[in-house]
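Before any comments, here is the structure.
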Amino acid sequence: MKPSYTWRVTRVALLLLFGAFFLVPLLAMLDFSTRDLGGGRSGEAWLDLVRDPDLSAAIITSLLLALLTVGGMLVLLVPTMIWVRLRVPRATRLVEFLCLLPLTIPALVIVVGMRNVYSWVNYLVSDSVLTLTFVYVVLVLPYSYRAIDAALSGIDAVTLSEAARSLGAGWFTVIGRIVVPNIWSGVLSAAFVSVALVLGEFTIASLTNYENLQVVIALLGKSEARTSVAASAAALLFASVLLMALSYVGRGRRARKENLT
Amino acid sequence: MTSPQGPGAEVVLDGLSRHYGSVHALDGLHLTIEPGEMVALLGPSGCGKTTALRILAGLERADEGRVLVSGQDISDVPANKRDMGMVFQAYSLFPHMTVLENVGFGLRMRGVGQRERRARGLEVLQLVGLGDQRDRYAHQLSGGQQQRVALARALAVEPSVLLLDEPLSALDAKVRTQLREEIRRVQMEVGRTTVFVTHDQEEALAIADRVGVMSNGRLEQIAPPEELYARPRTRFVAEFVGLTNRLDAAVDGSTARVLDCTVPLLDGSVASGPGLALVRPEALEVRPESDGNAAVASRSFLGSVSHVTCDLDGGPEVTAQTSSALAAELAPGTRVRVSVAPSPVLVVPAG
Amino acid sequence: MSRRTALSPSLALLPFLVYLTIFLLVPTVTVVVGAFQEDGSFSTANIEALFSEAALRTLWNSVVLSATTAVIGAVLGALLAYLVVTAPPTSLLRRVVVSVSGVLAQFGGVTLAFAFIAMLGFSGVVTELLRSAVGVDIFGSGWLFGLPGLILVYTYFQIPLMVIVFLPALEGLRPQWREAAVNLGATTWQYWTRVAVPLLRPAFLGASLLLFANAFAAYATAAALVSQGNPIVPLLIRAALTSEVLLGRQNLAFALAFQMIVVVAVVMTAYALLVRRTSRWLR
């Protein structure tokens, strides 16, 4: 059953077509953002990324949001998921349902309904753009949940914790020093995917009139088209590096497992 | 399409070779299988037994050699025209079809009508004892039931040759024993020529008319189970089939001296001088004796018989099979005399 | 004592549950309740407004956009996944396509809109190239900023999403099935029509539904691309949120968001059912 010649040629041709479809818009961004008004090349638009005060501020805001969201997600999700596995397995379905719910309740719906909640947040906490963290944690939940769940399924958390408990460890030690180190790659994946999502978030910020990176880029698009394209290319590049790193973390985990068997 | 004469066809593998890169999966395999016979191909993983089966089925091509069924060369016949029924290791049932649809699939491919498919399907399902499971799906069946359905599916097309590729390896020990009896019964009933590939020597010995032991892409020996066990022709066969002790021996003419006993030789032994005798546990006798040649190291109870492991003075550890009544007297540390029963042994060059 | 041990482990879940209640459930309930209220009392006026001609036309556009990109994305994505799965598992092609799809499936929003504007906009790279080389103006009357443009741009993230979702199903096709089918006398064509296609059908349909929901709820790409008019539901929600009164209704945003919940929930439930069926088959 050797593949025929026609099939091999068709295959290569199809792959090239797919490659072109995905590559051309990206190359167009690169070309567009380095155009000079006179018709030559210029790096002006890319230099604006660090020169434009609005843009720099937005980059810092989005990075801070990403950091806070990862922190919040880890604090909220990791102990809960481990605890459910170790002590309250009957809550597994509930927690899974809640974590995956944001896939069914789109960000657009949440933003429509969250005005009341946010007026309290603004009143009780602050009205800084950083309060977006609260809703971003919900937004990244499904993806983080899957990453951590995959890692948790890969180890026998119950047996590990029983072993540790019988050796005299308390619950905090069990979670912090036994389980978490074993699901480290999953936690890292969850963090990466959260950062990538927050850096690309536009819907909620723009509809609540907060200025994060994507909102500022969209505004810039109206006045400085080339700078805005350069900025979105840079954001994409950064997110790609993160998500690629993520796929390597995942692969390292699998590779390790395969070596053992 | 080759048409079988009678239920079973003669199968000849003539000088099959196959390599993957520099690895020789098959290295000139010759094998003739009589019509209606069941041959087990036995060997460790990578010995080429599965490759041989897949070449026979047409799923892989040989680099050299021919496959003959009923005297016709079918080397160039594609797999879907070969008229062979194959049972795979596991999970080969089509999951979106019921048991009956699975069993009828081959007939459907041959353009057999709905009514006849159903009748024939029920017939083979009865044969494997699963007539009442016809409307179930694979995921609703146990592993053993799935493999019986797979057997029924292979038999439904009335193939000239039945091929079984480690069909029991994914099952529990108990189901495995049951199902192998079942496979043997069904095979006897339908009388098809059958090739059964396995790495489990007990399975091969229990089920087949003849067992072919393979190693490194070659057939080491093919013989009925009793002969294979009692008269292994090579060191590989002796050691792969059954437990074997290795004892120093001195060959002189047609006999050898082993543990101060004289034993007859099997064909293929060294002609003269020192060598290693390959002795079965049941050919070793152990009796308590204060000035014996060994001390009992441990014993394990296997039911009516026990295995007693002894340290020979200044020699290796050996395992002997005794009645459990005798083993009860042989507490670890007991001084014993180990001797060899006068059944023929294979003596191979030392080292 | 037994009561305490039964209850206290569950208590540790409280922070998580409270948090999700505040930031996920309360907003959702607000939307549902708000859809049936006007000026603080019960009213079906907003729901009725969903059935006005303008709102129905927008819904229809959204359905057309989502269905078209779901079908195109599913077919092309399945094709690409098949090209990948027939390459050896360790091949560079496979690694690259899988990781790149992971990135591009998440790559909606402003960036994607700008990439296509840079390529096909009025002074886009490809537009100018064609204008000067062949004298063709593919920018035309600005189709990129309407429904046709959205279809093209959405396809860009739908195909990679399909690859990610469908690849496991393709990988779940066991080689034994093909071999068993061939052994039983099936030709390649019969294997595909009788075994592979029926086996993959639920996974394919399920993935298409997921793509539909994904496109239906997508906002950022459309928002960045379309600045005039509100051709699809998400943009109508934007208009309802930013301008106080639209179609004469104050709570219209709630009603539209409620409509979106219903559509996405129905589609995702069907998806979950189909996935459960396949996972039973393709273990």
Side-chain angles (χ1 to χ4, degrees), chain A residues 11 14-15 18 21-22 24-29 31-33 76-77 79-80 83-84 87-88 91 95 98 101-117 134-135 137-138 196-197 200 202-203 206-207 214 217-218 221 228-229 232-233 235-236 239-240 243-244 246-247, chain C residues 9-10 12-13 15-17 19-20 22-24 26-31 34 76 79-80 83 86 93 98-100 102-104 106-112 114-119 124-126 156 159-160 213 217 219-220 223-224 234 237-238 241-242 253-254 256-257 260-261 264-265 268:
Chain A
R11 202 185 131 87
L14 285 173
L15 283 171
F18 275 115
F21 178 71
F22 288 109
V24 170
L26 301 180
L27 292 177
M29 280 179 106
D31 181 277
F32 191 87
S33 64
L76 192 66
L77 199 55
T80 304
W83 193 248
V84 164
R87 297 300 308 279
V88 246
V95 170
L98 286 175
L101 199 56
L103 293 179
T104 311
I105 312 283
L108 192 53
V109 171
I110 297 178
V111 79
V112 170
M114 72 183 212
R115 235 171 227 183
N116 289 339
V117 170
F134 289 114
V135 65
V137 168
V138 172
L197 285 174
F202 173 76
T203 307
S206 79
L207 289 174
Q214 298 292 332
I217 291 177
S228 70
V229 170
S232 31
L236 172 67
S240 313
L243 290 170
M244 290 281 187
L246 186 151
S247 81
Chain C
S10 311
L13 302 182
F16 175 81
L17 296 176
Y19 190 96
L20 281 194
I22 296 175
F23 290 102
L24 180 60
V26 168
T28 310
V29 171
T30 308
V31 164
L76 294 180
L79 178 63
L80 182 55
L83 294 178
T86 46
L93 170 76
V98 170
S99 356
V100 168
V103 175
L104 294 186
Q106 300 293 345
F107 170 49
V110 182
T111 315
L112 181 60
F114 281 8
F116 273 85
I117 294 174
M119 174 174 139
V125 176
V126 173
Y156 196 88
I159 294 177
Y219 168 76
I237 294 180
R238 168 176 71 178
L241 271 183
T242 48
F254 289 129
L256 286 167
M260 180 170 276
I261 295 180
V264 174
M268 292 297 280

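Since the structure is predicted, the reported quantities are computational estimates derived from the model, not experimental observations. Chain A is the first sequence line, chain B the second, and so forth, proteins listed ahead of strands; every chain is numbered from 1.
Without hydrogens or angle criteria, C:Y19 side chain to A:V138 main chain gives no donor-acceptor distance under 3.5 Å. Judged by distance alone, with hydrogens and angles left aside, the side-chain atoms of A:R11 form a donor-acceptor pair with the main-chain N or O of C:L83 at under 3.5 Å.
For C:A213, no part lies near chain A; criterion is any non-hydrogen pair under 4.5 Å. Heavy-atom distances place no part of C:L112 under 4.5 Å from chain A, backbone and side chain included. With a 4.5 angstrom heavy-atom cutoff, C:V100 touches chain A via backbone and side-chain atoms both. For A:V117, the part lying under 4.5 angstrom from a heavy atom of chain C is the side chain only. Contacts of C:L104 with chain A are made by side-chain atoms alone, with heavy-atom separations under 4.5 Å and no backbone atom involved. Neither the backbone nor the side chain of A:S33 has a heavy atom closer than 4.5 Å to any heavy atom of chain C. Looking at C:L20, the atoms closer than 4.5 Å to chain A (heavy atoms on both sides) all sit in the side chain, from C-beta outward.
For the set C:A223, C:A115, C:A257, the count of heavy-atom pairs under 4.5 angstrom toward chain A peaks at C:A115. Among C:V26, C:V98, C:L79, the residue with the largest count of heavy-atom pairs under 4.5 Å with chain A is C:L79. Of the listed residues (A:S228, A:S206, A:A235, A:A107), the one with the most heavy-atom contacts under 4.5 Å to chain C is A:S228. Interface check for chain C: of the options A:V95, A:V111, A:L197, the most heavy-atom pairs under 4.5 Å are formed by A:V95. Among C:A220, C:A217, C:P15, the residue making the largest number of heavy-atom pairs under 4.5 Å with chain A is C:A220.
Contact between C:T111 and A:S232 at its shortest, heavy atoms only, is CG2-O, 3.3 Å. Nearest approach of C:L13 to A:A91, heavy atoms of both residues: CD1-CB, 3.7 Å. Smallest separation of non-hydrogen atoms from A:V109 and C:V31: O-CG2, 3.6 Å. Pairing each heavy atom of A:W83 with each of C:A12, the nearest pair is NE1-CB, 3.3 Å. Closest heavy-atom contact between A:A28 and C:V125: O-CG2, 3.6 Å. The nearest pair of heavy atoms linking C:L80 to A:F22 is CD2-CE1, 4.5 Å.
Shown are A:L103, A:I105, A:T104; of these, the side chain to side chain contact (heavy atoms under 4.5 Å, CB included) with C:V264 is made only by A:T104.
Note that CG of A:L108 is 10.5 Å distant from CZ of C:R238, once rounded to the nearest 0.5 Å. With rounding to the nearest 0.5 angstrom, the CG atom of A:L236 is 13.5 Å from the CZ atom of C:F114. Rounding to the nearest 0.5 Å places CG of A:L207 at 3.5 Å from OH of C:Y219. Atom-to-atom distance recorded for C:I117:CD1 and A:F32:CZ is 8.5 Å, nearest 0.5 angstrom.
Proximity of C:L241 to A:R115: side-chain heavy atoms (C-beta onward) are separated by under 4.5 Å at one or more points. A 4.5 Å side-chain heavy-atom check between C:M119 and A:L27 finds every atom pair outside the cut-off.
C:Y156 and A:F21 have tilted rings, their planes meeting at an angle from 30° to 60° on a 0 to 90° scale.
Looking at residues two or more places apart in sequence or on another chain, you find no side-chain hydrogen bond (donor to acceptor under 3.5 Å, both in side chains) involving A:T80.
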